[in-house]
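Data block below; observations after.
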Amino acid sequence: MEYNYRAIEEKWQKKWSESEAYRVSNDSPKLSYYVLDMFPYPSGAGLHVGHPLGYIASDIFSRYKRLKGYNVLHPMGFDSFGLPAEQYAIETGQHPADTTEKNIKTFKAQLDKIGFCYDWEREVRTSSPDYYKWTQWLFLQLFKSWYNVAAQKAESIDSLIKIFETSGSGGVKQYAGVAFSAEEWTSFSKKQQEDILMNFRLAYSSFGEVNWCEALGTVLANDEVVNGVSERGGHPVIKKKMRQWYLRITAYADRLLEGLNKVEFSDSMKEMQRNWIGKSEGCEMDFRMGGANSIKVYTTRPDTIFGVDFLVLAPEHELVQSITTDEQRKSIDEYLTYVKSRSDRERMAEVKQITGCFTGAYAENPFNGKKIPVWIAEYVLAGYGTGAIMAVPCGDQRDFLFAKHFNIPITNIIGSHFNGNEANPTKEAILENSDFLNGLLMKDAIKVAIEKVESLGMGKRKINYKMRDAGFSRQRYWGEPFPIKWEDGIAVALEESQLPLELPHVEKYGPGPEGEGPLANIESWRNEKLETSTMPGYAGSSWYFLRYMDPKNNQTFCDRKASDYWGQVDVYIGGTEHAVGHLLYSRMWTKVLYDLGFIGFDEPFKKLVNQGMIQGSSRFVYRVKGTNTFVSAGLKDQHETDELHVDVNLVDGMELNMEAFKKWKPDFANVDFIVENEKYICGSEVEKMSKSKYNTVNPDDLVLKYGADTFRMYEMFLGPIEQSKPWDTKGIEGVHRFLRKLWRLFNDDLKGKVWNEEKATDAELKVLHRTIKKIESDTENFSFNTAVSAFMVCVNELGELKCSKKEVLEKLLILLTPYAPHIAEELWSQLGNHGSVLDAAYPVFENKYLVETNKEYPVSVNGKVRTNINISLSAEQSEVEKVVLEDAVIQKWLEGKSPKKIIFVKGKMVNIVI
RNA sequence: GCCCAGGUGGCGGAAUUGGUAGACGCAGCAGACUCAAAAUCUGCCGUUCGCAAGGAUGUGCUGGUUCGAUUCCAGUCCUGGGCACCA
């Protein structure tokens, strides 16, 4: 009987489905465990081999936890709103709902072939109305809440209104606008009151800058802007202010930072989030300009105040127009036009080219009244701090280069620490030329300077964050509509009973008038004064992990009982590309829901595992320019060629299958080849896996050819889960051979059944227990590649021992179940077991089988290993020294000298120093 | 530019707290079985000198700490991910 994986996998997938083996109940006496994958965007290209990497890992871990006796929630769903479906609709006229439905069907079929243990009854789709009903509802909770800084939590906006009614603006700690009394509040018009409240709501509407492309009539992502023009079509793109929705994530900045201390994310992941939040302590200072104007700057280095040689404003700064002198007006206008065409990314990245423009205006140093020229430059961004910086060329390299470039004289306040050739950002220098700060160490002077600034009323201590509030509206169609109506300029929430506010059908998916979303093209929508933008991709994904707990509930987004039972996601698996976006948003939503009492925990994910990206290994062919002849990579330098991606599935290693290539596309039917050694060799490059690069590998083909169990184990065998690597199908044979080898421990192709019920020997039990220990710890540590290799070692050793004993094999099968469930279940039933292996009890490791008495100690002379000597593990230093020095090989290396020192590490090694 | 991660044989990778570098697998070479092939099995397999025994050298690069460094420190180069409207 041979290993017929296709029949076996089909048989057990059917049985598991019939017995509802993966159905999960919220009502179980067992401890709960929640393993979650970042759900996929169902793209039209279908699943490629990169997707399952994390899914297989989480599936293994879920099955492992189930064997360990937990009630495991391991759901899957689809992040099904998004731009690609909309683009596709613009191009083909097909409704995104239809293409999305079709894509999801493909994804599910592909996932099922790999044998995942999902409970599909719990599937969620962000684009389905019974899901986005609750996304809209949650948005309204954000809209109806404010962050009470005094209480350090979100509260209903009603509590804020009550404060205003009783104490006016003085009752609110963080109030920054024009002060008003309780009486004044009641006398305000509805509009005035709402405008004030809008400054507090956690979801609020305000004006913000976007990349605007007039020709396309639409807003573009930074990604879609290249060199100041649109990626599509190459049209000019400018910055434009538009009404937008935002989430007040900055209110949670400190709690998002603190929360990192109680979750298990990798240090680098926490570091990325901390840097994104970018908390810094410093002070704000006013630089007077004569007249009413003054420039407020934010700095973390007030100690360098006497080294300020110029101020730089962001080109968007509100004072730019009013302070520019007539003389400079023309150059400033030209510079502003130039900056408008630049993306934020470009503005920060290019330092080689220093740009800026003098406004003609001067400000005064608040301490000594020194006149300081005011410039504008693109490297200062309006969104950070106050949009204005004080430049200290001797201490900041960018300021230094700017000063050099524009010939601005540099003041040295750090004496010999500044060499005139580059800035020195030290905090350890003693200050000079610094008035009352002279003689102080810089890091001590910071505090002194801030105190002086505050006492003289020139500014105040300030904590600043790099993080900005999150833009929450998109001028697009395929997203959640906002449950908001605009009445006389006031945003009014729809009633809960009106949810879901369903996406209407549109005739065309292109933008509406004035850059509004496609919904603005619908007359009835406009007549009802409904908000015409939609929510961004991350709206639905900010809370989906809660919906899986209670997916069918039509009374609430997730019953409190369900979220109390499952609690936080125990393990969350996904790519680092979501490090700052999705992970911060979902952490914020969770905190809001916690504050408002809807759930009992304020961090969504207890532990995060980052999976690496599987890249594609692209192959290229080289067409001689203007001909239909292709030249092999080794000879391409002799010709002028165009490089073309070729489907990796037509290439074996680097060698092109020329016949298959001719059949690939009609254009290539009659091509000629210039070959080397009768072979056509392709070029190669590692790139992102994508359909357009023809470097995708479809898991279906591999599952068909080798089976799901082989495919699962091979993906794990590729390397550490968190590492990125290019896909290479080559090694899959080895894993397949391993499973066949395992099969032969049970069955012989000719003789049939070979397993038996004999008693296992010590040697066999040693192999088994070493494997139990290794597999258990590797699985716990997500080190699946070494686990697979441990299985291989185990099967190799059992093969050598000719061990086909049920006592040993049965336990091995349980260990293997999470990795290769189909073959494990089949062999488990062949051994005569009645229940499913999915619910077997995990084997218990016993150390007694592994105890050793002796060790082959490596013995080094001056750090170089010269020999191995077998010594008892109980031997102490003196005993070991004696044995070692008597050894012939060691004596030869000693050359008669006596050792200076002998280092002995028990159980490890011996090193002789001479 | 800024933030984060990674560089080990022909290839994917392994190596508890600093303690025998290259486990496991792929590819390759030689052999067994076979009419032949497939499958399977056995041996070899970093580079280099050597008939061999054995030696030298080797974890991106340059230094440092140490009896001992793939592992720790400083610097540097290269690759990948993110940088706020791709998901």
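Computed from heavy atoms alone, side chains included, the values below leave out hydrogens, waters and symmetry copies. Each chain gets a letter, A, B and so on, in the order its sequence line appears, and its residues count up from 1.
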**OP:** Determine whether the side chains of A/Lys901 and A/Asn911 contain a donor N or O and an acceptor N or O closer than 3.5 Å.
**Re:** no

**OP:** Return the value, rounded to whole Å, for the distance between atom CG of A/Leu742 and atom C1' of B/rU40.
**Re:** 16 Å

Original post:
Hey, does A/Trp893 reach any base, or is it just sugar-phosphate, or nothing, if we go heavy atoms under 4.0 Å?
Top reply: sugar-phosphate

**OP:** Remember a base hit wins even if backbone is also touched, and classify A/Val210 as base, sugar-phosphate or nothing at under 4.0 Å, heavy atoms.
**Re:** base

Subject >> Touch class at under 4.0 angstrom, heavy-atom based, for A/Val219 against every strand present >> reply: base

Subject >> Flag for A/Asp399-A/Tyr379: side-chain donor and acceptor within less than 3.5 Å >> reply: yes

**OP:** Select base, sugar-phosphate, or nothing to describe what A/Leu83 touches, counting heavy atoms under 4.0 Å on all strands.
**Re:** sugar-phosphate

Original post:
When we call it a touch if two heavy atoms are under 4.0 Å apart, what does A/Asp79 touch: a base, just sugar-phosphate, or nothing?
Top reply: sugar-phosphate

Original post:
How long is the line joining CG of A/Asp748 and C1' of B/rU40, in whole Å?
Top reply: 11 Å

Subject >> Modelled atom types, side-chain donor and acceptor of A/Trp543 and A/Thr135, under 3.5 Å >> reply: yes

Original post:
At under 4.0 Å between heavy atoms, what does A/Met269 touch on the DNA or RNA strands: base, sugar-phosphate, or nothing?
Top reply: nothing

Original post:
With a non-hydrogen cut-off below 4.0 angstrom, is A/Glu577 in contact with a base, only sugar-phosphate, or nothing?
Top reply: base

Subject >> Residues A/Gln877 and A/Glu881: side-chain donor-acceptor under 3.5 angstrom >> reply: yes

**OP:** Consider the side chain of A/Leu718, meaning its heavy atoms from C-beta on, and name the nucleotide among B/rC85, B/rG12, B/rU20 that approaches it most closely.
**Re:** B/rG12

Original post:
Now, which nucleotide makes the Watson-Crick or G-U wobble pair with B/rA21, with each of the two distances under 3.5 Å?
Top reply: none

**OP:** Answer yes if the ring centres of A/Phe39 and A/Phe78 are under 6.0 angstrom apart, and no otherwise.
**Re:** no

Original post:
So what does A/Arg740 hit on the nucleic acid, given a heavy-atom distance under 4.0 Å: a base, only sugar-phosphate, or nothing?
Top reply: sugar-phosphate

Original post:
Just checking A/Gln615: base, sugar-phosphate only, or nothing, at a heavy-atom cut-off of under 4.0 Å?
Top reply: sugar-phosphate

**OP:** Could you state the atom-to-atom distance from CD of A/Gln611 to P of B/rG82 in whole Å?
**Re:** 13 Å

**OP:** Please report, rounded to the nearest Å, how far the P atom of B/rA87 is from the CH2 atom of A/Trp478.
**Re:** 13 Å

Subject >> Selection from B/rG54, B/rG25, B/rG81 that lies nearest to any side-chain heavy atom of A/Met272 >> reply: B/rG81

Original post:
Just checking A/Gln244: base, sugar-phosphate only, or nothing, at a heavy-atom cut-off of under 4.0 Å?
Top reply: base

Subject >> Touch class at under 4.0 angstrom, heavy-atom based, for A/Pro720 against every strand present >> reply: sugar-phosphate

**OP:** Can you tell me the pairing partner of B/rG63 across any strand shown, Watson-Crick or G-U wobble, with both distances under 3.5 angstrom?
**Re:** B/rC73

